[in-house]
Amino acid sequence: MAESKTDEAAPLHVVVFPWLAFGHIIPFLELPEQLAKRGHLVTFVSAPRNLARLRPVLPELKPRIRLAPLPLPAVEGLPAGAESTADVPPEKVELLKVAFDGLAAPFAAFLADACAGGEAGEGHDRKPDWIILDFAQHWLPAIADKHKAGLASILYLYLYISNRRRMQVPCAVFLIFPASGMAFLGTKELNAAHPRSTPADFTVPPPWIPSPSCIAFRGHEAEWFARAWDPNASGVSDISRILETTHRCPLLICRCSHEVDGPLCSLLGDLHRKPVLPSGHLAPYDAARAAGVAAAADKDEETAGLMRWLDTQPARSVLYVAFGSEAPLSPEQVAALALGLELAGVRFVWALRQPVGEDPPELPDGFEARVSGRGVVRVGWVPQVRVLAHAAVGGFFTHAGMSSLVESFLFGHPLVMLPLFADQGITARLMAERRVGVEVPWLVDGGAAFASEDVAAAVQRVMVEEGEEGEVFRRNAGELKEVLWDTARQERYIDDLVEQLLQRRTME
């Protein structure tokens with residue numbers, strides 16, 4: 001790690017506060033670990049059950065990372081014990097946002113207590129230098145506005161100490177969304193100047209993205225994105241949360257890199273007219289390095305059996321199939337996907353998610369018997385990094401969620417992409433344009449929304465060894481692998497980020 005001119009400065013104390021989804025919590029933990037490796041202190045805030053389910057922090061980093069539980073308030077209709085999107089079906093996620101908004105006052109009290117030690121405190125008892133928050137806390141920067149002047153309470157110490165230093169604990173929003181999605185969304189000011197309201201508005205690139213560009217949604221994706229502008233049970237839309245939070249925070253951190261995201265990194269800074277710092281992609285290097293030696297320690301017989309099966313398969317012959325944890329496939333989609341894998345005729349491992357509170361998805365009659373020997377279906381959790389690291393795996397069939405893509409990039413796998421919601425379609429389009437893989441087309445009509453024949457065709461284009469196209473996909477995926485494993489380059493993103501946090505803590 002390159003030494004910085006601020007290495008001898010007092011270490012930072014940063015409060016980190018992610019949204020209640022493990023797709024957010026995991027990269028929000030990767031960033032504090034990088035800070036802790038550089039000697040800085042982190043207080044990681046989340047609901048108690050989420051903290052209990054975190055993967056272990058490296059022993060040498062534990063003294064610098066404090067876990068701070070903040071219990072969620074009860075919300076009618078939200079199941080008892082539900083603290084993350086993994087605990088509820090998709091239709092109840094909006095109730096999680098209601099509960100999350102209920103943390104505004106408890107978080108203000110927590111922060112007031114955290115500031116009580118002031119600058120003279122030691123360790124985690126010292127006043128925080130920064131709050132790194134997620135997209136959902138549109139209310140957190142607004143707390144500062146409510147306490148601008150004349151308060152005798154301790155909150156005044158947290159919020160304003162003088163006219164020259166307006167916010168004593170400045171906020172930075174950490175955007176785990178792809179740079180392409182953030183560029184497509186734009187800023188609060190740009191959306192006011194160029195309002196978009198109908199699905200058709202989102203099927204073309206916005207005027208602030210340079211032409212030509214593939215950054216736009218398909219019809220069904222645009223319908224989802226248009227609904228994201230509507231208020232949910234919390235009374236606030238998801239889009240409004242993002243626009244308000246990015247508008248109010250003086251510093252933005254984006255999980256992106258110039259090598260992977262190209263000119264989009266610079267474009268974000270131009271659009272927001274404030275510093276937008278790339279963090280790199282925060283790939284799970286420790287898990288990737290450990291993947292090859294973990295088999296001997298397996299206590300889960302199902303996992304051990306899966307790894308033994310992979311051991312018997314030819315190199316680069318197996319397609320790993322997984323679609324994340326946020327949006328389960330419908331029964332019609334499960335059937336279409338299964339028949340497509342059968343038609344493709346390739347070896348595969350399918351991590352099939354079981355929806356919360358529902359029975360396991362039903363596969364077509366006789367499917368498992370017909371693919372026996374070449375296909376394995378695992379309902380429930382699969383050690384994704386372990387599987388992707390195995391020499392038998394030669395491709396990844398994915399929803400194109402950025403966390404999953406980063407894990408795949410570590411091992412140079414070409415992609416078959418079936419985007420399901422949110423910004424996944426835009427990401428898939430960029431990966432296809434970069435010729436890292438292919439996207440499965442969706443049908444205009446039809447209950448499954450995609451055809452089994454199209455699934456099979458996409459899989460064969462990526463997995464068949466013969467042919468120039470497949471080799472192009474593998475070569476381009478290999479280039480991304482080289483980029484991510486250039487760890488010195490990735491470390492520089494964190495070093496630059498830390499440099500800016502150190503400098504700006506005395507400026508904000």
Side-chain angles (χ1 to χ4, degrees), residues 1-18 24-45 57-58 60-68 111 114-115 119 121-134 165 167-176 179 246 249-261 265-266 268-269 272 274-286 406 483-508:
M1 173 190 325
E3 290 193 5
S4 164
K5 65 183 179 182
T6 52
D7 282 341
E8 297 182 357
L12 293 162
H13 177 204
V14 180
V15 172
V16 176
F17 188 15
H24 290 242
I25 291 170
I26 291 171
F28 263 77
L29 182 60
E30 296 279 355
L31 182 59
E33 286 181 329
Q34 291 297 327
L35 297 177
K37 287 177 182 178
R38 288 157 174 79
H40 302 289
L41 304 172
V42 177
T43 297
F44 191 94
V45 178
V57 173
L58 292 173
E60 61 268 27
L61 301 182
K62 277 188 176 181
R64 300 192 190 106
I65 299 178
R66 176 180 63 173
L67 304 182
L111 197 56
C115 292
E119 302 283 357
E122 295 184 0
H124 290 95
D125 293 328
R126 184 167 60 81
K127 175 191 68 64
D129 297 291
W130 286 91
I131 306 164
I132 297 181
L133 60 149
D134 210 333
R165 188 178 178 190
M167 292 180 66
Q168 191 181 4
V169 183
C171 298
V173 58
F174 179 30
L175 302 165
I176 68 148
T246 54
C249 288
L251 183 67
L252 277 58
I253 304 167
C254 188
R255 188 174 57 163
C256 64
S257 71
H258 294 288
E259 296 78 20
V260 174
D261 301 279
C265 289
S266 300
L268 287 177
H272 285 275
K274 64 180 71 173
V276 179
L277 305 179
S279 67
H281 288 278
L282 299 173
Y285 294 109
D286 293 334
V406 169
V483 165
L484 252 66
W485 281 106
D486 184 352
T487 52
R489 183 182 300 178
Q490 297 300 314
E491 292 278 3
R492 283 197 292 273
Y493 284 111
I494 302 296
D495 289 337
D496 291 344
L497 170 59
V498 170
E499 184 80 27
Q500 291 297 314
L501 292 177
L502 284 164
Q503 290 181 1
R504 291 176 180 277
R505 70 175 170 182
T506 62
M507 296 166 56
E508 298 299 335

Enquirer: Would you be so kind as to tabulate the donor-acceptor pairs closer than 3.5 Å made by side chains of residues 249-257, with sequence neighbours excluded?
Expert:
from   : atom 1 : to     : atom 2 : distance (Å)
Arg255 : NH1    : Ser403 : OG     : 3.2
Arg255 : NH2    : Ile176 : O      : 3.2
Arg255 : NH2    : Ser403 : OG     : 3.3
Ser257 : OG     : Val260 : N      : 3.2
Ser257 : OG     : His281 : NE2    : 3.3

Enquirer: Tell me, do Cys171 and Trp130 make a side-chain contact under 4.5 Å, heavy atoms counted?
Expert: no

Enquirer: So which atom in Leu111 and which in Pro128 form the shortest heavy-atom distance, rounded to 0.1 Å?
Expert: CD1-CG, 4.2 Å

Enquirer: Measure the CG-SG distance between Asp125 and Cys115 for me, rounded to the nearest 0.5 Å.
Expert: 12.0 Å

Enquirer: Can you measure from CG (Leu35) to NE2 (His40) and round to the nearest 0.5 angstrom?
Expert: 6.5 Å

Enquirer: Kindly compute the distance separating OG1 (Thr43) from CZ (Arg66), expressed to the nearest 0.5 Å.
Expert: 3.5 Å

Enquirer: With sequence neighbours excluded, tell me which residues meet salt bridge (charged side-chain N to carboxylate O under 4.0 Å, His left out) with Asp496.
Expert: none

Enquirer: Got a sec, which residues hit ring-ring contact (aromatic ring centres under 6.0 Å, His included) with His124, two or more places apart in sequence or on another chain?
Expert: His13

Enquirer: Side-chain contact, heavy-atom cut-off 4.5 Å: Phe28 with Phe44?
Expert: yes

Enquirer: Answer yes or no: is there a side-chain heavy-atom contact under 4.5 Å between Glu30 and Pro284?
Expert: yes

Enquirer: Out of Val14, Val42, Leu497, Val16, which one pairs with Leu31 under the side-chain contact (heavy atoms from CB on, under 4.5 Å) rule?
Expert: Leu497

Enquirer: Under 3.5 Å, side chain of Tyr493 to main-chain N/O of His258, donor-acceptor pair present?
Expert: yes

Enquirer: What do you reckon, is NZ of Lys62 surrounded by more than 12 foreign heavy atoms closer than 6.0 Å?
Expert: no

Enquirer: Any donor and acceptor pair, going by atom type alone, linking the side chain of Lys127 with main-chain N or O of Val169 inside 3.5 Å?
Expert: no

Enquirer: Can you measure from CZ (Phe174) to CG (Asp134) and round to the nearest 0.5 angstrom?
Expert: 8.5 Å

Enquirer: Once rounded to the nearest 0.5 Å, what's the spacing between atom CG of Leu268 and atom CG of Leu277?
Expert: 11.5 Å

Enquirer: Rounded to the nearest 0.5 Å, what separates atom CD in Glu491 from atom OH in Tyr285?
Expert: 8.0 Å

Enquirer: Are Leu282 and Val406 close enough that some pair of their side-chain heavy atoms sits under 4.5 Å apart?
Expert: no

Enquirer: Heavy atoms, side chains only, cut-off 4.5 Å: are Leu58 and Leu61 in contact?
Expert: yes

Enquirer: Between Arg64 (side chain only) and Ala36 (backbone N and O only), is there a donor and an acceptor less than 3.5 Å apart?
Expert: yes

Enquirer: Whether Glu499 and Arg38 form a salt bridge (side-chain N of Lys/Arg under 4.0 Å from carboxylate O of Asp/Glu) is what I want to check.
Expert: no

